[in-house]
Amino acid sequence: MPELPEVETTCRGIAPHVSGRLVARLAVHNPRLRWPVAADLPEWAQGQRILGVGRRAKYLLLTLERGHLMLHLGMSGSLRVLPVNTARETHDHFDLEMDSGWTLRFNDPRRFGSLARIEGDPAAHPLLRELAPEPLEPGFDGHYLHRITRRRRVAIKQALMNSRLVVGVGNIYASEALFRAGIRPGRAARSLTVQECARLARTVRQVLTTAIRHGGTTLRDYVSAEGKPGYFRQKLYVYERAGQPCRRCGTLIRQRRQGQRSTYYCPNCQS
DNA sequence: ATGGGCACCTGGCTGC
DNA sequence: TGCAGCCAGGTGCCCA
């Protein structure tokens, strides 16, 4: 599922419902996620106040009084705000019930998502400490992109999806940013000029920002905290458009495999 | 240091 | 109708 825009949309959607609330109960219905949910997590979370919610890369971080809860939506996860008594559905994994009578409900068919506790500084956590800077924060620009790709022989598309180089960009937005920058996904990362890196940094930011404005992209499973799909799919230029005409020049969009993932591009607009 | 490939899952679709 | 095969928004880990 979820790349940065979908996680950010979820984060903004749940924030007004969770900030300041007390955790009435953490009910784990199915602990089998990417890592099993720790058995003592419910006891630990219960009664703590939720001080705020944030995002780092594709992780959601709930700040509690005595630590953080770290959530990942994996490929197919979604987090919704529902009345506590709402009937459960298949693949509902846990409920973070609040004193307001509402619950944060996590559903994840493919079970690549996760829920874990962090004690101490989240930035020092093993899953977070090696992450690259945020693409929507100052400092992510052409110079940064140019510098970190100098010794990279991998394709630029794979470099964009490497969370040690750039965070938040997954399979959809990597293809889309490269289209908007006019750069072929198969180019060696180190072959990009400063100008191309500047263009690409701009389109990465642009495509993520615009997607957030449209509530993200829904292909199959993703829904926001309110249960609504994202509408950015209608704005996609290349992703899942193989064989269809390019929306800029009419040339047929091509699909190829890169690192076991599908990549889409326009052979005329991108070089 | 870098990069390739696999693993973890379920479900939906295609084609025989 | 059934079933095999393939594909899907992520990413940690092992190996070369």
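Basis for what follows: all heavy atoms, side chains included, without hydrogens, waters or symmetry-related copies. Throughout, protein chains are lettered first and strands after them, A, B, ... in sequence-line order, and every chain is numbered starting at 1.
- Straight-line distance from the CD atom of A:Glu89 to the P atom of B:dG11: 13 Å, rounded to whole Å.
- The side chain of A:Arg153 places no N or O atom within less than 4.0 Å of a non-bridging phosphate oxygen (OP1 or OP2) of B:dT2.
- The side chain of A:Gln260 lies closest to B:dC6 when the candidates are B:dA1, B:dC6, B:dG4.
- Between the P atom of C:dA8 and the CZ atom of A:Arg233 lies a distance of 13 Å, rounded to the nearest Å.
- Looking at A:Arg184 and A:Leu178, their side chains never come closer than 4.5 Å, going by heavy atoms from C-beta outward.
- Rounded to whole Å, atom C1' of B:dC8 lies 12 Å from atom CG of A:Asp108.
- For A:Arg32, taking side-chain heavy atoms from C-beta onward, the closest of the listed nucleotides C:dG12, B:dG3, B:dT10 is B:dT10.
- Checked options A:Tyr237, A:Tyr239, A:Tyr265, A:Tyr264; the residue passing with A:Phe179 is A:Tyr237 (criterion: ring-ring contact (aromatic ring centres under 6.0 Å, His included)).
- A distance-only check finds a donor-acceptor pair linking the side chain of A:Arg205 to the backbone of A:Glu137 [under 3.5 Å].
- For C:dG10, the OP1/OP2 oxygens have a side-chain nitrogen or oxygen of A:Arg261 closer than 4.0 Å.
- Of all nucleotides present, only B:dG11 satisfies the Watson-Crick or G-U wobble test against C:dC7, with each distance under 3.5 Å.
- Taking the side chain of A:Met161 as heavy atoms from C-beta on, and the options B:dG3, C:dG10, C:dG12, the nearest nucleotide is C:dG10.
- In this structure, the CG atom of A:Leu73 is 16 Å from the C1' atom of C:dA8, given to the nearest Å.
- Proximity of A:Tyr173 to the phosphate of C:dG10: no side-chain N or O atom is located under 4.0 Å from OP1 or OP2.
- Between A:Ser163 and C:dG10 there is no side-chain polar atom (N or O) within less than 4.0 angstrom of OP1 or OP2.
- The shortest side-chain heavy-atom distance between A:Thr218 and A:Arg233 does not fall under the 4.5 Å cut-off.
- Residue A:Glu240 contributes atom CD, which lies 12 Å from atom C1' of B:dC13 at whole-angstrom precision.
- Considering only the side chain of A:Tyr264, C:dA8 comes nearest among C:dA8, C:dT11, B:dT2.
- When the P atom is used for both C:dC3 and B:dC9, the distance is 23 Å, rounded to whole Å.
- Across the interface with DNA chain B, nearest-nucleotide mapping of A:His91 and A:Arg34 shows A:Arg34 to be the residue nearer the 5′ end.
- Base engagement by A:Arg110 is indicated by at least one non-hydrogen atom pair under 4.0 Å involving a base atom.
- For A:Gln255, taking side-chain heavy atoms from C-beta onward, the closest of the listed nucleotides C:dA8, B:dG4, B:dT10 is C:dA8.
- The nearest whole Å value for the distance from the CG atom in A:Asn171 to the C1' atom in C:dC7 is 12 Å.
- Between A:Arg257 and C:dA8, a side-chain N or O to OP1/OP2 separation shorter than 4.0 Å is present.
- Taking 4.5 Å as the limit, some side-chain heavy atom of A:Thr217 sits within range of a side-chain heavy atom of A:Glu6.
- Listed nucleotides: C:dG12, B:dA1, C:dT11. Nearest to the side chain of A:Leu127: C:dG12.
- In this entry the distance linking NZ of A:Lys58 with C1' of C:dG10 reads 6 Å, nearest Å.
- Using a 4.0 Å cut-off between a side-chain N of Lys or Arg and a carboxylate O of Asp or Glu, A:Asp95 and A:Arg88 do not qualify as a salt bridge.
- Rounded to a whole Å, the CD atom of A:Glu130 is 10 Å from the P atom of C:dG12.
- Across C:dG12, B:dG5, B:dG3, the shortest atom-to-atom separation from the side chain of A:Val154 is found for B:dG3.
- Here A:Tyr59 lies in heavy-atom contact (under 4.0 Å) with sugar-phosphate atoms only.
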